[in-house]
Amino acid sequence: MSNKYRTHNCNELRKEHVGSNIVLSGWINKKRDHGNLLFIDLRDNYGITQCIIDKENSNFKELEKIQLETVIKIEGKVVNRSNETINKEIKTGEIEVGIKKYKVLGTCKELPLPVFSDQEYAEEIRLKYRFLDLRRKKIHENIILRSEVISFIRNEMSKLGFLEFQTPILTSSSPEGARDFLVPSRLNPGKFYALPQAPQQFKQLIMVSGFDRYFQIAPCFRDEDARADRSPGEFYQLDLEMSFVEQEDVFSVVEELLVSTFKKFSSKKLLFNKFPKITYKEAMLKYGSDKPDLRNPLIIFDITEIFSRKDVSFEIFKKLVKTGSMVRCIVTKNTKDKPRSFFDNIDNWAKDQGASGLAYFTLEKEKELLAKGPIGKFFSKDSLEEIMKLTGAEIGDSVFLACSKQKDLEKITSLARDKIAQELDLIDNEIFAFCWVIDYPMFERDEITNKIEFSHNPFSMPQGEIEKINFSKPLDILAYQYDIVCNGVELSSGAIRNHIPELMYKLFSVAGYSEKIVNEKFSGMINALSYGAPPHGGIAPGIDRIVMLLANEKNIREVTMFPMNQNAQDLMMNAPSNVSDKQLKELNISLKSKK
RNA sequence: GGGGGUGUAGCUCAGUUGGUUAGAGCGAUCGCCUGUCACGCGAUAGGUCGAGGGUUCGAGUCCCUUCACUCCCGCCA
């Protein structure tokens, strides 16, 4: 493409263009002014071309004064660079453009943050001037990567026989799950739409409508507090759903897709091409978390039984165990020679995390097996042998122990597993370790209210033969509910859905919802399921997190073009903002207090 | 809602035990410089030390309150 702005882009010119007259347009990335000779690095989306002008040219004085990031058009001639002046860092580094004429296309004020630098800047300023920030190399490339990943996924999904559909953005609020974003309805005063937390019900309705395989790069809106890996407001999922499938069918589609995506867009190795399956229960025991980082070789062991032995005299733990606490431990290989500070640092760190600390000892053999460390003396030789049997620990290894009630114990051992692995540098940053976490429980008991609640998704299919499910023991019911985890990041969750209305009423009644309420809140769904629904299931991998892993970023805002800050404000667009009284009146809304 | 961290020039940061007129690099402005690619050299401008209060002869520094940003917990079916 050649027009009045350019004959080439800023990454196109090579040796073979030497001698030709060309037109380039772009931003002034950097100037190097030698007084009688001026270098200008002209930048566009594609790259950088060095342009040069000297005092013989009448434009020289003006160009010397021009601000960085001004958009200009340059007419000139491609010239060869001598060997010593070739720049191998850029693709156009063998040539430069001798400037004949130039024109300013867009002026630029003094910059609030430099564009050409690789330095890190405060997010507040980056988000306020996001359009400048996005010109910077790294984030510019991240956003391009995101585009390429999405278009690759679209293409793959299409090849796999999935059809892409859009679903409504204005929908109804649902009682389960996260806090909704609400939108007042002008035509229905006092009533509200909700933005979808996910197209969950719609995608099931698509299956009931007879479309066999659906996908969508779907925006999801949840009004919850932010984290580094969680944008406030909105995020994107690769939402997909399939009819007449079992869990394994969903797994094989998603594995194929993720393996090809990660192989295409990253040089890091996949630890498993076939993702291992870990049950929820096993994950909580061995890793203390339902999003285990399998790059980390450390495993948590339950050794509660040791503390009912007579030859163990660690009374603090023994007393706690009698009142229902458990003891779990992490074994580190060959750490007997680590300095005392290593152990104490971890102990102190655990205290900072709100735990009572991490007790530890090291297994050593002098005349006979013994435990060294502050609590070593409380363990007999036999009890140590039993611990070694339970955990696979060997002489020279150290054992870190925590004692608490199950939930706190899981949390602290999970954190400790990460912390200790970091301290010992056990995590290989150059791999992706995927796994499935399966067999989630259908229900859980709320610790505060003591009520039975859905633990994940109320629309999931319970496991086992439907006639034989024991609803009087709801906590034992498992669901066909699954997550994909990669490097400790929860990438997606999905389920085989419950397509049988009677069964759904039963499950909802366990969680305290009457048939009437279910009919009211999920009328669309429950009604649809009563008119011939196919068995179906799906999953929804998070696009932002996938790109985050591929771009090797720890913060989701580094792969999001226009993110909000932690307080869900858009500093560039000034959202949220006040609205006029007229708007409020139309919506039949009055504010309690106005600022 | 709770805990941690940060806040000093347009940007990135330094600032000792509380002690004179708060510094550096980049950027800006002006001058010098024809082969740089983080060009170099010289000069100038630029500060409510986040805000408010307190202690003190004296506060960027100590104390209290508060605000903003960020990380974490809660929350996120």
Side-chain angles (χ1 to χ4, degrees), chain A residues 29-43 48-57 60 64-65 67-69 79 81-90 92-93 96 98 108-129 132-133 174-180 197-198 200-201 220-233 235 291 352-354 408 411-412 415 440-444 446-448 453-460 479 481 483 490 493-495 508 511 522 540 542 554-555 557 565-567 569 571:
Chain A
N29 192 59
K30 198 81 181 90
K31 286 189 300 183
R32 289 173 296 282
D33 187 355
H34 291 235
N36 294 314
L37 177 72
L38 173 67
F39 296 99
I40 290 180
D41 289 340
L42 197 68
R43 184 196 74 239
I48 285 179
T49 302
Q50 174 167 286
C51 303
I52 184 165
I53 188 168
D54 68 18
K55 65 174 176 189
E56 304 304 318
N57 189 305
F60 179 76
E64 232 185 347
K65 298 289 171 221
Q67 273 273 2
L68 296 185
E69 293 306 309
V79 291
R81 290 207 209 181
S82 64
N83 276 337
E84 4 17 300
T85 60
I86 284 173
N87 182 354
K88 286 178 183 149
E89 303 292 310
I90 55 174
T92 59
E96 60 196 8
C108 181
K109 299 200 284 186
E110 189 178 339
L111 294 165
L113 78 151
V115 169
F116 75 92
S117 150
D118 290 332
Q119 218 178 318
E120 303 221 6
Y121 297 95
E123 280 210 293
E124 196 171 358
I125 198 107
R126 292 181 57 196
L127 293 184
K128 185 166 178 192
Y129 296 95
L132 290 178
D133 189 37
S174 76
E176 286 289 318
R179 202 176 290 113
D180 283 319
Q197 296 184 19
Q200 179 63 38
Q201 293 191 57
C220 303
F221 305 90
R222 296 177 192 175
D223 187 4
E224 297 294 345
D225 289 353
R227 289 287 183 280
D229 66 349
R230 204 166 79 201
S231 276
F235 61 96
K291 39 181 183 178
D352 284 343
Q353 299 302 309
D408 290 337
K411 189 184 276 173
I412 190 62
L415 290 171
Y440 276 80
M442 191 83 212
F443 299 100
E444 64 188 6
D446 186 293
E447 281 198 327
I448 299 157
E453 296 185 333
F454 288 107
S455 68
H456 243 71
N457 183 327
F459 304 121
S460 297
Q481 167 87 45
D483 276 12
E490 185 190 323
S493 64
F508 268 101
F522 306 104
K554 288 199 167 59
N555 194 304
R557 293 184 294 276
N565 71 5
Q566 194 163 45
N567 293 321
Q569 297 159 340
L571 300 174

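Only a predicted model underlies this, so the values are computations on that prediction, with no experimental measurement involved. Sequence lines set the chain letters: A, B, ... in the order given, protein chains first and strands last, and positions in each chain run from 1.
- For A:Glu124 against B:U70, no side-chain N or O and base N or O form a donor-acceptor pair under 3.5 Å.
- Looking at heavy-atom distances under 4.0 Å, A:Gln200 makes contact with a base.
- We find that the ring of A:His34 and the base of B:U36 do not stack by the test of centres under 5.5 angstrom and planes tilted less than 30°.
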Fill in the blank from the handout: Writing each nucleotide of RNA chain B 5' to 3' as (, ), [, ], | or . by Watson-Crick or G-U pairing under 3.5 Å yields (((((((..((((.....[...)))).(((((.......))))).....(((((..]....))))))))))))....
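- Between the side chain of A:Arg126 and the base of B:C11, no donor-acceptor pair under 3.5 Å is found.
- Residue side chain A:Arg230 reaches the base of B:C76 through a donor-acceptor N/O pair under 3.5 Å, judged by distance alone.
- Each of A:Ser82 and A:Phe454 lies near RNA chain B, and the nucleotide nearest A:Ser82 is the one positioned closer to the 5' end.
- Defined by atom type and a distance below 3.5 Å, a donor-acceptor pair is present between the side-chain atoms of A:Tyr440 and A:Asp483.
- Interface remark: the A:Glu96 side chain does form a donor-acceptor pair with the B:G35 base, using a distance-only criterion of under 3.5 Å.
- Contacts of A:Lys411 with the nucleic acid, taken as non-hydrogen atoms under 4.0 Å apart, involve only primed sugar atoms and P, OP1 or OP2.
- Pairs engaging residues 29-38 of chain A under the salt bridge (Lys or Arg N to Asp or Glu O under 4.0 Å) rule: A:Arg32-A:Asp41 [sequence neighbours left out].
- A:Arg81 contributes a side-chain N or O that forms a donor-acceptor pair with the base of B:U36 under 3.5 Å.
- Summary of the strand contacts: A:Glu123 and A:Pro114 both lie near RNA chain B, and taking for each the nucleotide with the nearest heavy atom, the more 5' one is attributed to A:Pro114.
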